[in-house]
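Below is one structure, written out as structure tokens; the observations come after it.
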Amino acid sequence: MKEEYRISAAYTHLQKEILSIPERFDKEGELLYSGRNILKVMNIGGIRMCIKSFKLPHIINKVAYAYVRPSKAERSYEYAMRMAEMGVGTPQPVGYILFKDAVGLTHSYYISLQLDEAITFREIVKLPAEEQDDVYRAFARFTYHFHQKGIYFIDHSPGNTMLRKEADGAYHFYLVDLNRMKFEAVPPLKGLKNLSMLEVPEDKLRVIAKEYAILSHGNIENMEQQLIRYSTAHNKYVERKSCIRDCRRYIKRLLSPQGGQ
């Protein structure tokens, strides 16, 4: 098994501890999420770090991530470093670790600093009611800011933006799950469509769209209506996918030996 890694210059003094993560990962740490991928917080050299262990890739990606294009862990690190240079919020990148066998990629890990005391975009509804619209406006400004930097975040969904009230009393925003993004010009309507995955009520979509329209010098009413259309279309697409997935699972159960009994 071949090991490859890259560690940020700011953390090379912890190289030994960082490279011990794979052998410690299953036994240590605070579990944040376990699903397709696994997220844990671990103490690495006295620093709380967030480690994302990506699921084992299927055979095509196993080969592709070794010989054709960068793995998700590599992309996450490279994109985070680039975003940090551009002044766009994301948890500070530490590095990545890859393992490859004779066929291709097996295990891979992305490491960043843990962002404690932060909430996701989805949890804005839990903030005091009088604060919420201001936070949604701040989120629109954050999104417009990185669009103006030439960043199109493909997975701009409610779970992939973290926010935290900082010492200045304002909420600061941080993008996570970075392996799918493009660095290209983002015109206003394309930027607006990038806000279609937020899953918030229509009145909150209007708040976000209005702020984005003001920043991009667009027509407020038109952009509000357009974002509502984008969001409705996205929600219907998600519902169709969910229905198809549920139907496939149901048929699979019926066709299984246990299901046929």
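Both backbone and side-chain heavy atoms feed into the values below; hydrogens, waters and symmetry mates do not.
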Exercise: identify the closest heavy-atom pair between Phe54 and Ser76: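 Of all heavy-atom pairs spanning Phe54 and Ser76, the closest is CZ-OG, 3.9 Å.
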For the student: nearest non-hydrogen atoms of Pro158 and Met197, plus distance: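 That closest heavy-atom pairing would be CD-O, 3.1 Å.
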Spell out, as yes or no, whether a donor-acceptor pair under 3.5 Å connects the side chain of [X] to the backbone of [Y].
| X | Y | result |
| --- | --- | --- |
| Lys182 | Ile151 | no |
| Ser71 | Glu74 | yes |
| Ser231 | Ile228 | no |
| Gln225 | Asn222 | no |
| Thr90 | Leu175 | yes |
| Asn194 | Ile154 | no |
| Tyr33 | Ile38 | no |
| Asn43 | Arg48 | no |

Phe139 and Phe121 aromatic ring geometry - parallel, tilted or perpendicular at 30°/60° bounds: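 Answer is tilted, since the angle falls between 30° and 60°.
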Tyr152 and His147 aromatic ring geometry - parallel, tilted or perpendicular at 30°/60° bounds: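 Aromatic pair His147/Tyr152 classed parallel.
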Salt bridge (charged side-chain N to carboxylate O under 4.0 Å, His left out) between Lys126 and Glu131, intermediate numbers included: CA-CA 10 Å; Lys126 298 179 182 178; Glu131 287 187 16; over 6 Å; no
Test log, rule side-chain hydrogen bond (donor to acceptor under 3.5 Å, both in side chains), inputs Thr120 and Glu123: CA-CA 5 Å; Thr120 67; Glu123 297 171 285; 3.3 Å; yes
Ion pair present between [X] and [Y], side-chain N to carboxylate O less than 4.0 angstrom?
| X | Y | answer |
| --- | --- | --- |
| Lys165 | Glu117 | no |
| Lys100 | Glu3 | no |
| Glu202 | Lys204 | no |
| Glu224 | Arg206 | yes |

Quick one: do the [X] and [Y] side chains pair a donor with an acceptor below 3.5 Å?
| X | Y | result |
| --- | --- | --- |
| Thr143 | His156 | yes |
| Thr232 | Asn235 | no |
| Gln92 | Tyr174 | no |

Verdict with reasoning, Arg137 to Leu215, per side-chain contact (heavy atoms from CB on, under 4.5 Å): CA-CA 11 Å; Arg137 292 186 191 97; Leu215 293 166; over 6 Å; no
Atom [atom1] of [X]: over 12 foreign heavy atoms under 6.0 Å:
| X | atom1 | answer |
| --- | --- | --- |
| Lys190 | NZ | yes |
| Tyr237 | OH | no |
| Lys40 | NZ | yes |

Transitive ILVMFWY side-chain link Val94 to Leu98, under 4.5 Å: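 In one cluster: no.
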Verdict with supporting geometry, Asp101 and Lys62, salt bridge (charged side-chain N to carboxylate O under 4.0 Å, His left out): CA-CA 10 Å; Asp101 61 17; Lys62 182 181 177 77; 3.0 Å; yes
Centroid-centroid under 6.0 Å between Tyr144 and Tyr212 rings: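 Ring centres of Tyr212 and Tyr144 closer than 6.0 Å.
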Tyr109 ring center near Phe25 ring center (under 6.0 Å):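 Centroid distance Tyr109-Phe25: below 6.0 Å, so yes.
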Side-chain heavy atoms of Leu105 within contact of Asn61, under 4.5 Å: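 When only atoms from C-beta onward are counted, Asn61 and Leu105 do not touch, as no gap falls below 4.5 Å.
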Note, Val135 side chain near Phe173 side chain (heavy atom, < 4.5 Å):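 Touching, per the 4.5 Å side-chain cut-off.
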Quick one: [atom1] on [X] to [atom2] on [Y], what's the gap to the nearest 0.5 Å?
| X | Y | atom1 | atom2 | result |
| --- | --- | --- | --- | --- |
| Asn179 | Asp155 | CG | CG | 7.0 Å |
| Ser8 | Met81 | OG | CE | 4.5 Å |
| Leu115 | His172 | CG | NE2 | 11.5 Å |

Passing candidate, salt bridge (Lys or Arg N to Asp or Glu O under 4.0 Å) with Asp177, options Lys72, Lys52, Arg75: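 Passing option: Lys52.
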